[in-house]
**Q** 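What follows is a structure written as structure tokens; I'll ask about it next.
The first residue in the sequence is number 1, and the count goes up from there.
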Amino acid sequence: QVQLVESGGGLVQTGGSLRLSCAASGIIVSVNGMNWYRQAPGKQRELVASITSRGSTNYVDSVKGRFTISRDNAKNTVSLQMNSLKPENTAVYYCNTYIILGVRRDYWGQGTQVIVSS
């Protein structure tokens with residue numbers, strides 16, 4: 001059974017930093033692609049950052065140069081380092097992975113709230 005548990009959210013002032021972590025069980029983060037999504041109030045869930053099994057990373061344009069996704073294979077965790085935070089980064093952040101066995105099945109964590117005050 002795949003389980004993803006996020007931590008590290010909180011309240012931070014504009015320009016501050018937060019580091020989100022996602023502890024995975026039931027999958028191996030170095031084998032599966034891992035993603036961070038976010039959902040702001042009244043908006044659709046948005047893909048923020050991805051890391052592939054090969055370690056390639058991708059980011060939504062609005063966070064490039066400020067956010068960094070990484071993984072710790074020994075701990076089986078994926079992290080999202082967020083620097084220079086802006087009020088528009090306020091959202092619930094979700095860890096995600098998926099498995100394709102004929103059809104795609106997504107797995108989500110419970111989410112962690114990030115609030116950036118102006």
**Q** When you look at CZ of Arg54, are more than 12 heavy atoms from neighbouring residues, nucleotides or ligands closer to it than 6.0 Å?
**A**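 At most 12 heavy atoms, drawn from other residues, nucleotides or ligands, come within 6.0 Å of this atom.
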
**Q** When you look at Val48 and Tyr59, which way does the side-chain contact (heavy atoms from CB on, under 4.5 Å) test go after all the steps?
**A** CA-CA 6 Å; Val48 177; Tyr59 302 90; 5.8 Å; no

**Q** Compare every heavy atom of Ser50 with every heavy atom of Ile69, then report the nearest pair and how far apart it is.
**A** CG2-O, 3.6 Å

**Q** What do the steps show when you test Leu11 against Ser117 for side-chain contact (heavy atoms from CB on, under 4.5 Å), and what is the final call?
**A** CA-CA 7 Å; Leu11 173 65; Ser117 63; 4.3 Å; yes

**Q** Using every non-hydrogen atom in the two residues, find where Gly26 and Val2 come nearest and quote the distance to one decimal.
**A** O-CG2, 3.9 Å

**Q** Within a strict 4.5 Å, meaning less than it, do heavy atoms of the Cys22 and Leu4 side chains meet?
**A** yes

**Q** Rest of the hydrophobic cluster containing Leu47 (Ile/Leu/Val/Met/Phe/Trp/Tyr, side-chain heavy atoms under 4.5 Å)?
**A**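 In the cluster with Leu47 are Tyr37, Val92, Tyr94, Trp108.
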
**Q** Judged by atom type as modelled, is there a donor-acceptor pair below 3.5 Å linking the side chain of Glu6 to the main-chain atoms of Thr112?
**A**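 Looks like no, no N/O pair under 3.5 Å.
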
**Q** Any side-chain heavy atom of Gln81 within less than 4.5 Å of one from Ser17?
**A**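 Result yes, sub-4.5 Å side-chain heavy-atom pair found.
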
**Q** Give me the atom names and distance for the closest heavy-atom approach of Asp106 to Tyr98.
**A**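 Closest pair (atom of Asp106, atom of Tyr98, distance): OD2-CB, 3.7 Å.
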
**Q** Taking Thr90 for its side chain and Ile115 for its backbone only, find out whether a donor-acceptor pair lies under 3.5 Å.
**A**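 Here the side-chain-to-backbone pair does not exist.
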
**Q** Is the CD1 atom of Ile28 crowded by more than 12 outside heavy atoms at less than 6.0 Å?
**A**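 At most 12 heavy atoms, drawn from other residues, nucleotides or ligands, come within 6.0 Å of this atom.
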
**Q** Tell me if a side-chain donor or acceptor on Gln113 pairs with a main-chain N or O of Ala91 at a distance below 3.5 Å.
**A** yes

**Q** With Val63, which of Lys86, Met82, Arg38 fulfils side-chain contact (heavy atoms from CB on, under 4.5 Å)?
**A**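 In the set Lys86, Met82, Arg38, the residue that makes a side-chain contact (heavy atoms from CB on, under 4.5 Å) with Val63 is Arg38.
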
**Q** Can you find a heavy atom in the side chain of Gln110 that is under 4.5 Å from one in the side chain of Val5?
**A**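 Heavy-atom side-chain distance check passes, below 4.5 Å.
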
**Q** Could you tell me if the side chain of Val114 sits less than 4.5 Å from the side chain of Leu20, heavy atoms only?
**A** yes

**Q** Do other residues, nucleotides or ligands put more than 12 heavy atoms under 6.0 Å from Arg19 CZ?
**A** yes

**Q** For a quick check under 3.5 Å, do Asn32 and Thr97 share a side-chain donor-acceptor pair by atom type?
**A** yes

**Q** Using only heavy-atom distances, determine whether the side chains of Thr77 and Asp72 contain a donor-acceptor pair under 3.5 Å.
**A**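 No pair is found: no donor N or O on one side chain lies under 3.5 Å from an acceptor on the other.
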
**Q** About how many Å separate OG of Ser56 and CD1 of Ile51, when rounded to the nearest 0.5 Å?
**A** 8.0 Å

**Q** Does a side-chain heavy-atom distance below 4.5 Å link Arg66 with Asn89?
**A**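 When only atoms from C-beta onward are counted, Asn89 and Arg66 do touch, with a gap below 4.5 Å.
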
**Q** With a 4.5 Å limit on heavy-atom distance, are the side chains of Ile99 and Ile27 in contact?
**A**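 A side-chain contact exists here, since the closest heavy-atom pair is under 4.5 Å.
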
**Q** Is there a side-chain hydrogen bond (donor to acceptor under 3.5 Å, both in side chains) between Arg71 and Asn76 once you walk through the steps?
**A** CA-CA 7 Å; Arg71 64 184 181 214; Asn76 209 38; over 6 Å; no

**Q** Would you call Asn35 and Cys95 a side-chain contact if the rule is heavy atoms closer than 4.5 Å?
**A** no

**Q** Under 4.5 Å between any side-chain heavy atoms of Tyr93 and Leu80, yes or no?
**A** yes

